[in-house]
Amino acid sequence: MRPPFTDAMVGSALRSPVAAVGFAVFMSSLDLGHALGLTDLTELPLRTKGRYIVGVSGKRIKLACTNWYGAHSGTFVPGGLETRPFRDIVATIVDLGFNCVRLPYSTQAQVENPVVERAHVAANPEFYGKRFYFVLDELVAAMTAVGLMVIPNNQNHEAGWCCHYTQNEGLWYVPGYPESAWVEGLTNITKRYRRNPMVVGMDLRNEVHDYGATKLTWGDGSATTDWAAAATRAGNAVLAENPDALIFVNGLCFGMEIRPARQHPIRLAQENRVIYEAHNYLEFNIFELFSQVVLSWSNVRLICGLLFFACLLALWGFLSAWRSLGKPRPSRRSLLGTIGLWIFVLSGIAYALSAASVAQLRLLPACDWWARKDVVPVAIAFGVLAALGLCLVAAAASAPSIASLAARLRRAHCRRDGAPSEPKPAMASGTNGDCPSITVIDISTEAERSQDGGDQEGSDGDVSTGLFGAAGYGSYRTVGRRCRCCRCSRGVSGAGGGRREEGEGEELERAVWDRGLCCGLQACCCCGFVLISAGLFFAFAVIAPTYAMLAWHLDNSWGFLLEDGHDYTAPVWMGEFGGPVSGNYWVNVVRYLSERDVDFAHWALNGKKWTTGFIDTTDGGKWVDQAPHWSDEPFGVLQADYKTIRHPWMMLDLNALQSSPAQYRPPPPPCDRRVLGSSCGG
């Protein structure tokens, strides 16, 4: 490989000493042969074997790609041709260590084959007045001639910016471009390049997602919603034109969700051709997005910590007051009612939140599959729990009526048999002495009988105490008197005398379970719930931004496909990922791709983008239309001149991923001068 970078390419990106040192390490890594290198033509065509893509010899061929986009937009050509000769850009791709290019295009460009505006190819006079296919042919020929594999990608149907949840481009059919036009476009591109073995496959469609009332499915056979079935039809059509092509199938929900492939893996007419495609950006990770948009996890931990200790103090106060009253116990009826009430309240709140989440997911035309498969079962479970809690409350409330009815039945039976109207106490065997055929079951506890003994009304045995204890709030007054006694005994006794408070030195009565104590129990339950919730949220706020959390999420979404030995095992290609900052998201995603040694296509090579609007993150992520214009591409590997590397750290990390196995190592945490002082260096 020739010397990869000139001073002009590095440019102002290396003004800082740290960046210069890092870039020197990057260049030396290329010289040492860590870069993957270009594909040997004798290894083509490619096949899949388990979780890997392999060549003819069975050797693993890792796709280490970049996205060179723009042909899907209103310019109809990849970006940079207005700035730099295309052969120089192709040489730069090779110098950067990539071995393949994902090349997005639009169905409109493929069908209409429009003339390209001169302004969009200003640095390439040979393209003046030429059409879309002429430019595409020249670019594909130039890339494959130097050993770069090419993967055409049907990004969208109507030329323009893509993709947003408000766009119908999430479907494989839109007005003016039915499924037949989509499949025909794929087969036309396939036929055009089938004699070029370096065009190794076809990326069927970009970031499929729900749109309006159309909720996408996987494996149910629907002609209009089953993406897996549509991908199978399109993949077989491509293979009919080129049996050696690899077929790249994007996941549901913008490429985030491939779980349904576990039960319904895609089977094509040609075996060992399917490669699943995932996409990932910061906004695709709800936990990272929450910390960026709503509240940072450090603030969540602070709030949860304060709530935890506040509730702990409140619980200590309640328990101290309860002990001062002689630790009275609630009746079984009251305890059952309290348990039922809190199950009902908490489950009802959880049900309402789950139902609101389902409604929100269905309002946003993006991923109803999550609502159906993840959130709806949770909402149903909480609804059942809430109903159970309500039944417990009803059972506790009806206990006196049941006891009264049982007593009336016993008296009626005894009168009919000539026995006394009041049955004698039950014998040890549990039968009534005068009415041996009747079993008297006493469901009350000793505490209930002691508390309710003087509060029976009439001969029916109805308990006059309410569901939540005896009437009144005498326990509050008792606690107040005992607190005054304690203050009095600590105050004037040391001075040898003083006025005695009322009740001092007297035996205060043992409190019964009344409504005051019941209210205190509810307050304790509330504090306990908040305390436990705060503790759990604190723990979650510690775990959420970690690599372990991201790895669990991606393994659950599509990483399981990389496990060998299953009928669904297949390669996964990270077709898009990127970011402008070497922050928590970037480090964790790159680490995951490295540890799982995943094939990838970074977004993107481009230094500029032709756009027609922007996503307003301050207004719920809505798309705001603008007049078409060039704007900076912060995710790009190159700057706007298509020569200068935008972020040396980005290329260091991508170069580590290009190896097989990947060589990425997470950077150490920054040196804390407050702890280590001068040992952090100058």
Side-chain angles (χ1 to χ4, degrees), residues 1 4-5 9 13 26 29-30 34-39 53 61-73 77-81 83-84 86-105 136 139-140 142-153 155 198-201 203 206 248 255 275 277-281 573-580 586 589-590 593-594 598-609 633-660 662 664:
M1 186 178 292
F5 300 106
M9 287 176 64
F26 168 61
S29 72
L30 287 177
H34 292 306
L36 185 65
L38 302 178
T39 304
I53 301 169
I61 305 296
K62 183 175 183 178
L63 300 181
C65 314
T66 185
N67 279 275
W68 189 10
Y69 71 86
H72 70 289
S73 70
V77 293
L81 302 185
T83 301
R84 197 176 181 209
F86 73 96
R87 291 185 179 85
D88 292 346
I89 297 177
V90 170
T92 297
I93 295 173
V94 176
D95 291 340
L96 291 171
F98 298 107
N99 69 354
C100 78
V101 174
R102 181 176 184 252
L103 198 61
Y105 71 92
L136 189 68
L139 294 179
V140 170
M143 288 186 284
T144 57
V146 297
L148 288 169
M149 293 177 285
V150 174
I151 303 171
N153 156 245
Q155 185 85 354
M198 296 297 289
V199 182
V200 295
D203 187 353
N206 184 71
F248 296 83
I275 299 172
E277 181 179 351
H279 288 186
N280 196 279
Y281 292 103
W573 185 47
M574 179 67 87
E576 288 185 22
F577 76 101
W586 173 268
V589 167
V590 173
L593 296 178
S594 177
V598 178
D599 300 82
F600 70 91
H602 172 258
W603 188 276
L605 178 74
N606 300 53
K608 295 187 296 183
K609 57 184 176 182
E633 173 54 276
F635 287 27
V637 168
L638 301 176
Q639 294 189 16
D641 60 4
Y642 281 80
K643 296 179 182 179
T644 308
I645 293 174
R646 182 180 297 271
H647 299 298
W649 57 263
M650 182 185 291
M651 277 315 309
L652 284 168
D653 293 346
L654 291 175
N655 176 239
L657 290 182
Q658 290 165 356
S659 306
S660 180
Y664 176 75

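Along the sequence shown, the residues carry numbers beginning at 1. Note that the coordinates shown come from a computational prediction; the quantities given were computed from them, not determined experimentally. The figures that follow rest on heavy atoms only: side chains count, while hydrogens, waters and symmetry mates do not.
- Between atom CG of residue Leu96 and atom CG of residue Leu605 there is a gap of 7.0 Å, rounded to the nearest 0.5 Å.
- A distance-only check finds no donor-acceptor pair linking the side chain of Ser594 to the backbone of Val590 [under 3.5 Å].
- Residues Cys65 and Val101 form no side-chain contact, since every pair of their non-hydrogen atoms from C-beta on lies 4.5 Å or further apart.
- Under the ring pair (Phe, Tyr, Trp, His ring centres under 6.0 Å) criterion, Trp68 pairs with no residue at all, not counting sequence neighbours.
- In this structure, Asn206 and Glu576 have side chains that are in contact, with non-hydrogen atoms separated by less than 4.5 Å.
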*Begin from the C-alpha positions of Val150 and Met198 and carry the test side-chain contact (heavy atoms from CB on, under 4.5 Å) through to its verdict.*
CA-CA 6 Å; Val150 174; Met198 296 297 289; 6.0 Å; no
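- Applying the side-chain hydrogen bond (donor to acceptor under 3.5 Å, both in side chains) test to Thr66 and every residue at least two apart in sequence or in another chain returns nothing.
- Residues forming a ring pair (Phe, Tyr, Trp, His ring centres under 6.0 Å) with Tyr105 (at least two apart in sequence, or on another chain): none.
- Note: Phe577 and His602 have perpendicular aromatic rings, judged against thresholds of 30 and 60 degrees for the angle between ring planes.
- Scanning all heavy atoms of the two residues, the minimum distance from Met651 to Ile645 falls at CG-CG2, 4.0 Å.
- Ring centroid separation for the pair Trp573 and Phe248 comes in under the 6.0 Å cut-off.
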_Could you go through Trp586 and Asp653, starting from their C-alpha distance and side-chain angles, then the distance that decides it, and tell me whether this counts as side chain to side chain donor-acceptor pair (under 3.5 Å)?_
CA-CA 10 Å; Trp586 173 268; Asp653 293 346; 2.7 Å; yes
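- In this structure, the side chain of Lys608 does not engage the main chain of Gly80 through any donor-acceptor pair within 3.5 Å.
- Interatomic distance, OH of Tyr642 versus CD1 of Ile89, reported as 6.5 Å (0.5 Å rounding).
- Contact of the Asp203 side chain with the Pro152 side chain is not registered, since no non-hydrogen atoms from C-beta on lie closer than 4.5 Å.
- With rounding to the nearest 0.5 angstrom, the CG atom of Asp88 is 10.0 Å from the CG atom of Asp95.
- Side-chain contact check for Leu148 versus Cys100: every heavy-atom pair is 4.5 Å or farther apart.
- Shortest non-hydrogen contact noted between Gln155 and Asn153 is OE1-OD1, 2.5 Å.
- Rounding to the nearest 0.5 angstrom, the gap separating the CD1 atom in Ile151 from the CD atom in Glu277 is 8.5 Å.
- Note that CG of Leu103 and CG of Leu136 are 5.5 Å apart. Values are rounded to the nearest 0.5 Å.
- Taking the side chain to side chain contact (heavy atoms under 4.5 Å, CB included) definition, one finds that Ala604 meets it with Asn67, Tyr69, Asn606, sequence neighbours left out.
- Put simply, the side chain of Asn99 reaches to within 4.5 Å of the side chain of Met149, judged on heavy atoms.
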*List the steps, then state whether side-chain contact (heavy atoms from CB on, under 4.5 Å) holds for Leu63 with Phe600.*
CA-CA 6 Å; Leu63 300 181; Phe600 70 91; over 6 Å; no
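- Taking a cutoff of 4.0 Å between a charged side-chain nitrogen and a carboxylate oxygen, Asp641 and Arg84 do not qualify as a salt bridge.
- The side chain to side chain contact (heavy atoms under 4.5 Å, CB included) test applied to Ala145 returns no partner, not counting sequence neighbours.
- Contact detail for Pro580 and Pro634: the closest heavy-atom pair is CB-O, 3.5 Å.
- Summarising the geometry, atom CD1 belonging to Ile93 is positioned 8.5 Å from atom CZ belonging to Phe98; distances are rounded to the nearest 0.5 Å.
- Between Asp599 and Ile275 there is no side-chain heavy-atom pair separated by less than 4.5 Å.
- Side-chain contact between Lys643 and Thr92 is absent, with no heavy atoms from C-beta onward closer than 4.5 Å.
- Using a 4.0 Å cut-off between charged side-chain N and carboxylate O, Glu633 and Arg646 make no salt bridge.
- With a 4.5 Å cut-off on side-chain heavy atoms, Leu638 and Thr644 do not count as touching.
- Tyr664 meets the ring pair (Phe, Tyr, Trp, His ring centres under 6.0 Å) test with no other residue; sequence neighbours excluded.
- The shortest non-hydrogen separation linking Lys62 to Ser659 is NZ-O, 3.0 Å.
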